Number of protein chains: 2
Amino acid sequence: MKALTEIPQAPGRIGRIGRAGRTGRAGRSDTIYEVAQQAGVSIATVSRVMRGTAGVAPDTRERVLRSVSDLRYTPSRSARSLAEGRHAASGIVFPDLSGPYFAEVVLGYEEVAAETGRSVLILTTHGREAARERVLDLAARVDGMVVLGRTVGDDVLAELVSKGLPLVVLARYPVEGADSVNAANEASAYALTTHLARDHGHRSFAFLGDAGASTDTSDRWRGFTQALADCGVPVPSAPVPCPFDEDDGRAAAERLLVDRPPRALVCANDEIALGAITAAEALGLRVPDDLAITGWDDLMAARHSRPGLTTVSQPMRALGALAAHRLHERVAGDRNEPRHEVLPTQLVQRASCGHHPEENR
Amino acid sequence: MKALTEIPQAPGRIGRIGRAGRTGRAGRSDTIYEVAQQAGVSIATVSRVMRGTAGVAPDTRERVLRSVSDLRYTPSRSARSLAEGRHAASGIVFPDLSGPYFAEVVLGYEEVAAETGRSVLILTTHGREAARERVLDLAARVDGMVVLGRTVGDDVLAELVSKGLPLVVLARYPVEGADSVNAANEASAYALTTHLARDHGHRSFAFLGDAGASTDTSDRWRGFTQALADCGVPVPSAPVPCPFDEDDGRAAAERLLVDRPPRALVCANDEIALGAITAAEALGLRVPDDLAITGWDDLMAARHSRPGLTTVSQPMRALGALAAHRLHERVAGDRNEPRHEVLPTQLVQRASCGHHPEENR
DNA sequence: GGGATCTCTGTAAGCGCTTTCATCGGGTCC
DNA sequence: GGACCCGATGAAAGCGCTTACAGAGATCCC
C-alpha cells in the first residue's frame with residue numbers, strides 16, 4: 001500500500017490541505033476524498049468502484065466498499081451530473097387542473113422513468129405566471145421533458161427543441177422535433193356522438209366545454225360535429241364555453257338548460273358532466289329521460305353517480321408510461337425521427353345517455 | 001475595455017484553449033464563457049449579472065444581458081448547484097396508492113415549493129423494491145425532503161436526518177429530528193363514531209381497514225375504539241383487515257356481511273366504503289336502513305355516490321402546503337426545534353350513515 | 001495635491017466528481 | 001533473459017459555475 005501524504009493529488013487543489021481530515025460534524029456529507037483516504041486508494045479507484053467500472057482488484061474493491069459503508073458515503077449528484085454532462089432526471093410539465101387525470105398520467109410516467117433510472121421533476125404552470133421561466137429552469141435540470149396540454153406556448157417548446165432537449169408532448173398537438181402521445185379524442189367523440197344520435201335517436205345536441213382551451217377538447221368537438229353531420233342531425237355552431245371543473249359545469253349547464261335545453265348534452269369531461277347532472281336535477285329535468293348527458297375520462301365518480309355517467313375511458317397511466325418510454329428512447333439516442341402516437345379509448349355506456357333495453361344497467 | 005486574448009483565465013483551464021469559439025452545432029448549450037467572450041467581460045461579471053449581485057455598471061449589465069439573450073444562455077444547473085452547495089430543489093416521497101389523496105397533497109406541496117423557488121422531485125416507492133436506494137439517491141438531489149406514510153422504514157429516515165438533510169414527515173408518526181404534519185385522525189374517528197353510536201343509535205360496529213398499514217389508519221382505529229368504549233358500545237377486538245382500494249373493500253365487505261353483519265361499518269377510506277356499499281347492495285342490504293357505512297377523505301365520488309357517503313374531509317392540499325412551508329423553514333435554517341402539527345378535519349354527513357330527520361339530504 | 005475611499009471588474013481557487021493517460025510490477029513468450 | 005503485454009492504479013485535467021480577493025481608476029476631503 002502506498003503511503004498517504006498530505007500533499008494534494010492535483011496541484012490546483014490547494015484547499016484540500018486544510019480539510020483533509022473528517023470533522024465529524026453531523027450533517028457534513030463525505031466526499032470521495034474521505035473515502036479514498038480511508039481506504040488508502042486514489043479517488044479514481046473509488047469512482048471506479050462506485051460506478052462498477054471494470055478493472056479493480058477484488059480486495060481493493062472490498063476495502064473501498066467497506067469505507068463507503070463506514071462513512072455512509074453517497075456521491076454528490078451535482079458533481080456527478082457536471083462531470084458526466086447529464087442529469088439522470090427528466091421533467092413533466094402540466095397545467096394546474098388538479099383532477100385525477102393528471103395524477104394518473106404522472107404516476108404512469110414516474111413508474112417508467114424510475115425503471116429507466118431517471119428521477120422525475122414535476123412542474124405545474126397554474127395559469128400563466130412565469131411559466132416560460134419555470135420551464136426553462138426545469139429544462140436545465142433534466143435530460144428530457146414531457147409537456148402536457150395547456151402549459152406553455154409552442155414558442156417555448158421550439159426553444160427547448162433548439163437547445164437540443166429531447167421533448168415529448170402529451171395531450172397536445174405535435175411540434176417540430178418532438179414526439180407526441182395522445183388519446184383518440186376525435187374517434188371517441190365520433191363514436192360517442194354516433195351512439196347518442198343513432199342508437200338513442202337524439203336529434204338536438206349541445207357541447208359543453210371550451211374548445212380553445214385544450215387540443216383534447218378541440219378534437220372532441222371536431223369528432224362531435226363530424227358525427228352529427230354524418231347522422232344528419234343539426235350541428236350546433238359552437239361549443240357552449242365552460243371551464244373544467246364541476247362548479248363551472250353546473251353553472252354553465254344551468255344557464256344553457258333554462259335558455260334552450262337540448263335533448264343531449266355532450267360534456268368535455270366528467271366533472272363538467274357531473275355538474276350538469278346536478279344542474280339538470282335542480283331544474284326538474286330527469287336524466288336520461290328528459291336529457292342525456294355524457295362526459296369524458298371515466299373518473300371514479302362517473303361510476304358511482306346517479307344515474308351512472310356514460311363517458312369515455314382514457315388510458316391515463318398508459319399515456320404517461322408511453323410518454324416516458326418515448327422520452328427515454330430520445331434521451332438514449334435510440335431514435336431520431338419523431339413518432340406520433342394515438343392511444344385507443346373506450347366508450348363506457350352507463351345510464352346517463354339513455355335507456356339500453358338490451359343491457360343491464 | 002480590456003483586450004481578450006486566447007490565454008485562459010485560470011492556469012489550470014488548459015482545455016479552454018481548444019474550444020474558445022462557438023461551434024454553432026445545434027443542441028450544444030452555451031456556457032458562461034461564451035457569453036463572457038461575446039460581451040467582452042469576464043465570467044465573474046456574467047455571473048454577477050445573472051444572479052443580480054450588486055455592483056455591475058448599468059451599461060456593462062446591458063451588454064451582458066444582450067449576449068445572454070442572443071445566445072439564449074441558461075446557466076448549467078449542476079455547475080451552479082455544485083458551486084453553491086445547494087440544489088434549490090426538494091423531494092417528496094409517497095407510496096403508490098394512486099387515489100386522489102396523494103395527488104392533492106403533492107399539488108399543494110408543489111405550489112408552495114415553486115413559490116419558494118424550489119423545484120420538486122417526486123418519488124413513489126410502490127411496494128418496497130429498492131426503496132431505500134431510491135430514497136437515498138433522491139436525497140442526494142435535494143436540499144430537503146417530505147416523506148409520506150408507508151414508504152420507507154424509520155431507519156432510513158434516521159439515516160437522512162443524520163446526514164443533516166432537513167426532513168418533514170407527513171401522515172406518519174414523528175421521527176427524531178424531523179418535523180411532522182398530520183390530519184386529526186383520532187379526533188375525527190372519535191367524532192364520526194360517536195355520531196354513529198349516539199346520534200343514530202347504532203350498537204354493533206365493524207372497522208374495515210388494515211390498522212398496521214398506515215399511521216392514519218391506526219389512529220383512526222384508536223379513535224374508533226375509544227369512542228365506542230365511551231358510548232358503552234361493544235368494541236370489536238380488531239379491524240377487519242382490508243387493503244386500500246375499491247375492489248378490496250368490496251371483497252372484504254362481502255365476506256364480512258355474509259358472516260356476521262354489523263349494524264354500522266366504519267371504513268378506513270372512501271374507496272373501501274364505496275366498495276362496501278356495492279357489496280351490501282349486491283347482498284340485498286339497504287344502506288343506510290340495514291347497514292350504515294362511512295368512509296374517509298371525501299373524494300369526489302363520495303358526493304356522487306348513491307346513497308351519498310358520510311365521510312371525513314381532510315385538508316389534503318393544506319397538508320402538502322404546510323409540509324412545504326415547514327421544510328422551507330428548515331432548509332432556510334429559520335428554525336431548529338422540531339414542530340409537530342395536526343390539521344383539523346371535518347365530518348361530512350350524508351345519507352350513508354343513517355337518516356338525519358332534521359337535515360335535508 | 002495626495003492619501004483615503006468607493007465603484008467596478010478581473011483573477012483564480014474551489015465545488016466533487018469522471019475519465020484519459022501514464023506508470024508500475026509482474027507474468028509470458030521464445 | 002530481454003521484449004512484450006496486461007491488469008491495476010494513480011495523477012491530473014476538466015465539467016461550468018460562485019465568490020473571495022485584489023487591483024485599477026475615479027472621487028473625495030482637508
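Note that the structure is a prediction, hence the values are computed from the model and not measured. Just so we're on the same page: letters track the sequence lines, and every chain starts at 1.
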Q: Figure out the CZ/C1' separation between B/R86 and D/dC17, and round it to whole Å.
A: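 The distance from CZ of B/R86 to C1' of D/dC17 comes to 14 Å, rounded to the nearest Å.
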Q: So for atom CD, which belongs to B/E176, do other residues, nucleotides or ligands contribute more than 12 heavy atoms lying within a distance under 6.0 Å?
A: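 Open: at most 12 neighbouring heavy atoms sit under 6.0 Å from CD of B/E176.
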Q: Which letter, B, S or -, goes with each nucleotide of nucleotides 18-24 of chain C from 5' to 3', with contact meaning a protein heavy atom under 4.0 Å?
A: BBB----
Q: Starting at atom CZ of B/R63, determine the distance to atom P of C/dC8, rounded to an integer number of angstrom.
A: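 Rounded to whole Å, this separation is 14 Å.
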Q: Write down the distance between CZ (B/R61) and C1' (C/dT9), rounded to a whole number of angstrom.
A: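 After rounding, the reported distance stands at 13 Å.
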Q: Whether A/R77 and A/E84 form a salt bridge (side-chain N of Lys/Arg under 4.0 Å from carboxylate O of Asp/Glu) is what I want to check.
A: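 Yes, charged N to carboxylate O under 4.0 Å.
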Q: How close or far is atom P of D/dG16 from atom NE2 of A/H87, stated in whole angstroms?
A: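 Answer to the nearest Å: 11 Å.
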Q: Between C1' on C/dG16 and CZ on B/R141, what's the gap in Å once rounded to a whole number?
A: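 Going from CZ in B/R141 over to C1' in C/dG16 covers 15 Å.
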Q: Calculate the interatomic distance between B/L82 atom CG and D/dT18 atom P; express it in whole Å.
A: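 My rounded result for the distance is 11 Å.
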Q: Are the side chains of A/I92 and A/M145 in touch, meaning some heavy atoms are under 4.5 Å apart?
A: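 A/I92 does not reach A/M145 side chain to side chain.
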Q: Which whole-number value in Å describes the distance from A/R77 CZ to C/dC17 C1'?
A: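 About 10 Å, once rounded to whole Å.
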Q: Does B/T31 make a side-chain N or O approach to OP1 or OP2 of D/dG16 shorter than 4.0 Å?
A: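 So the side chain of B/T31 is outside the cut-off, no N or O lying under 4.0 Å from OP1 or OP2 of D/dG16.
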Q: Can you tell whether the side chains of A/R141 and A/D137 come within less than 4.0 Å, N to carboxylate O?
A: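 So A/R141 pairs with A/D137 through a salt bridge.
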Q: Counting the atoms with a prime plus P, OP1 and OP2 as sugar-phosphate, which does B/G55 contact under 4.0 Å by heavy atoms, base, sugar-phosphate, or nothing?
A: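 Base contact - B/G55 has a heavy atom under 4.0 Å of at least one base atom.
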Q: Applying the side-chain contact (heavy atoms from CB on, under 4.5 Å) test to A/V35, which of A/V49, A/D70, A/V68 qualifies?
A: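 One option only clears the test, and that one is A/V68.
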Q: Ion pair present between A/R330 and A/D179, side-chain N to carboxylate O less than 4.0 angstrom?
A: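 Yes, A/R330 and A/D179 are salt-bridged.
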Q: Does B/T60 reach a base, just sugar-phosphate, or nothing at all? Heavy atoms under 4.0 Å.
A: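 Result for B/T60 = sugar-phosphate.
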